[in-house]
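FYI, side chains are in, hydrogens and waters are out, and symmetry mates aren't considered; it's all heavy atoms of this structure. Remember, it's a predicted structure, so these values are computed and weren't measured experimentally.
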There are 2 protein chains.
Amino acid sequence: MYQKKISRTLECGVVLTKEVLHGKWKSTLLHFIAQGVQRPSSLQRAIPMATRRVLNIQLNELEQHGLVRKTVFPQLPPKVEYHLTGLGQSLLPVIAAMEQWGDEHRAELEQVLAATGVPPEVGVLRV
Amino acid sequence: MYQKKISRTLECGVVLTKEVLHGKWKSTLLHFIAQGVQRPSSLQRAIPMATRRVLNIQLNELEQHGLVRKTVFPQLPPKVEYHLTGLGQSLLPVIAAMEQWGDEHRAELEQVLAATGVPPEVGVLRV
DNA sequence: CTGGATCCATTGTGATACTG
DNA sequence: CAGTATCACAATGGATCCAG
């Protein structure tokens with residue numbers, strides 16, 4: 001077993017960042033929440049190609065990871081709002097860097113990715 | 001069908017960046033290739049917790065995406081080298097930004113991620 | 001309006017063994 | 001040394017239905 005002597009400490013920041021961003025709609029959700037779209041139904045309308053189920057799952061993960069905070073208003077009908085935490089806001093420049101790189105090199109990437117499988121509906125949202 | 005009128009153009013850079021970095025060992029491979037570790041067997045020794053198969057698959061994807069170039073020397077025994085392309089090098093600052101964010105916020109992230117599933121052996125490599 | 005449960009298809013990754 | 005084939009399993013995400 002390779003891991004016998006390896007510390008459990010997570011030493012690589014890239015892995016952590018990939019982990020919190022892992023999930024098809026996480027960056028999209030962060031984008032819209034940062035823009036002020038905060039309620040589940042609004043997010044659902046903003047991202048119609050994702051199902052409620054997946055949106056809920058990924059919102060829960062974002063909350064668990066501390067990137068967003070969820071506020072529940074005990075009403076009828078129920079009302080829920082999400083907003084970015086400080087941690088979530090600190091991630092925005094990193095996402096911006098990723099977006100800039102992808103935008104700058106889209107021409108070089110598009111043909112290969114189109115052939116080998118980026119679903120087009122994902123890309124049309126500015127995340 | 002939502003996509004009826006949606007252009008196939010991939011408009012969001014984040015999706016492109018996530019795509020080329022998608023795969024458990026891609027950032028690790030880029031890290032070591034950038035450091036000058038270029039031969040498959042060396043990469044295998046550098047990342048012993050990944051199997052040859054997965055390393056080959058992800059190296060092939062990196063090559064298809066244009067981030068690395070593969071050079072085959074027709075010898076016996078065969079010799080292969082990888083090196084970063086310009087596109088691959090242009091991605092390094094983005095990876096660095098991801099690594100920095102993860103490093104800065106490790107304390108806030110570690111407990112949650114440890115509980116919900118980052119395998120420890122991944123994190124110990126500085127990617 | 002919110003969110004969970006179930007079922008299912010696809011994909012990513014690991015274990016192993018094999019070929020040139 | 002380099003690369004591939006096959007089998008197996010876990011995780012992701014989509015469709016649909018149900019509940020407070």
Side-chain angles (χ1 to χ4, degrees), chain A residues 1-3 15 18-29 33 37-65 68-82 113 116-122 125, chain B residues 1-3 15 18-29 33 37-65 68-82 113 115-122:
Chain A
M1 310 275 96
Y2 300 122
Q3 294 79 350
V15 175
K18 283 179 69 173
E19 183 70 18
V20 300
L21 247 24
H22 198 226
K24 191 169 178 179
W25 304 103
K26 289 238 184 94
S27 51
T28 311
L29 286 169
I33 294 173
V37 182
Q38 297 165 344
R39 300 196 47 191
S41 50
S42 310
L43 291 167
Q44 169 72 70
R45 279 190 293 275
I47 316 174
M49 51 284 286
T51 61
R52 296 285 317 251
R53 175 182 169 275
V54 175
L55 252 33
N56 279 331
I57 291 174
Q58 305 204 349
L59 283 167
N60 288 340
E61 289 177 6
L62 288 173
E63 190 196 5
Q64 283 187 345
H65 293 168
V68 304
R69 174 143 33 244
K70 177 180 185 174
T71 311
V72 181
F73 300 88
Q75 308 175 348
L76 236 67
K79 175 179 171 183
V80 173
E81 283 185 2
Y82 291 93
L113 290 174
T116 53
V118 175
E121 74 275 14
V122 180
L125 299 172
Chain B
M1 313 272 94
Y2 300 123
Q3 294 78 352
V15 175
K18 282 179 68 173
E19 184 69 19
V20 300
L21 246 25
H22 198 226
K24 190 168 179 179
W25 304 104
K26 289 236 184 96
S27 50
T28 311
L29 286 168
I33 294 173
V37 183
Q38 297 165 343
R39 300 196 49 189
S41 50
S42 311
L43 291 167
Q44 170 71 70
R45 278 189 293 275
I47 317 174
M49 51 284 287
T51 60
R52 295 286 317 250
R53 175 181 170 275
V54 175
L55 251 32
N56 279 330
I57 290 174
Q58 305 203 350
L59 282 167
N60 287 340
E61 289 177 7
L62 288 173
E63 189 194 7
Q64 283 186 348
H65 293 168
V68 304
R69 175 143 32 244
K70 177 179 184 174
T71 311
V72 181
F73 300 86
Q75 308 174 348
L76 236 66
K79 175 178 169 183
V80 173
E81 282 185 2
Y82 292 92
L113 290 175
T116 53
V118 175
E121 74 276 14
V122 180

Inter-axis angle, terminal five-pair segments of the helix from dC1(C)-dG20(D) to dG20(C)-dC1(D) [nearest 10°]: 40°

Non-neighbouring partners of Val80(A) that pass side chain to side chain contact (heavy atoms under 4.5 Å, CB included), sequence neighbours left out: Pro40(A), Lys70(A), Val72(A), Tyr82(A)

Contacts of Gln44(A) that satisfy side chain to side chain contact (heavy atoms under 4.5 Å, CB included) - sequence neighbours left out: Arg52(A), Leu55(A)

Gap separating the CH2 atom of Trp25(B) from the CE atom of Met49(B), nearest 0.5 angstrom: 5.5 Å

Minimum heavy-atom distance between Val20(B) and Leu62(B), given as atom pair plus value: O-CD2, 4.1 Å

Nearest non-hydrogen partners of Lys18(B) and Lys24(A), listed with the distance: NZ-O, 4.4 Å

Rounded to the nearest Å, what distance is computed from the [atom1] atom of residue [X] to the [atom2] atom of nucleotide [N]?
{"X": "Gln58(A)", "N": "dG3(C)", "atom1": "CD", "atom2": "P", "answer": "15 Å"}
{"X": "Leu43(A)", "N": "dC1(C)", "atom1": "CG", "atom2": "P", "answer": "13 Å"}
{"X": "Glu19(B)", "N": "dT12(D)", "atom1": "CD", "atom2": "C1'", "answer": "14 Å"}
{"X": "Leu55(B)", "N": "dC1(D)", "atom1": "CG", "atom2": "P", "answer": "14 Å"}
{"X": "Lys24(A)", "N": "dT10(C)", "atom1": "NZ", "atom2": "P", "answer": "14 Å"}
{"X": "Lys18(A)", "N": "dT12(D)", "atom1": "NZ", "atom2": "P", "answer": "13 Å"}
{"X": "His22(B)", "N": "dG13(D)", "atom1": "NE2", "atom2": "C1'", "answer": "12 Å"}
{"X": "Ile57(A)", "N": "dT12(D)", "atom1": "CD1", "atom2": "P", "answer": "9 Å"}

Touch class at under 4.0 angstrom, heavy-atom based, for Glu81(B) against every strand present: nothing

Nucleotide of dT2(C), dA2(D), dG14(C) approaching Arg39(B) most closely (side-chain heavy atoms): dA2(D)

Candidates dC1(C), dC1(D), dG13(D) - which lies nearest the side chain of Pro77(A): dC1(C)

5' priority, DNA chain D, between Lys79(B) and Thr51(A) [closest heavy atom]: Lys79(B)

Side chains of Ile57(A) and Arg53(A) in contact at under 4.5 Å (non-hydrogen atoms): yes

Heavy-atom check, side chain of Val15(A) versus side chain of Thr28(B), under 4.5 Å: no

By side chain to side chain donor-acceptor pair (under 3.5 Å) - contacts of Glu61(B) (at least two apart): Lys26(B)

Per-nucleotide protein contact string for nucleotides 3-9 of chain D (B base, S sugar-phosphate only, - none; heavy atom under 4.0 Å): BBBB---

Derivation and outcome, side chain to side chain contact (heavy atoms under 4.5 Å, CB included), residues Val68(B) and Leu29(B): CA-CA 10 Å; Val68(B) 304; Leu29(B) 286 168; over 6 Å; no

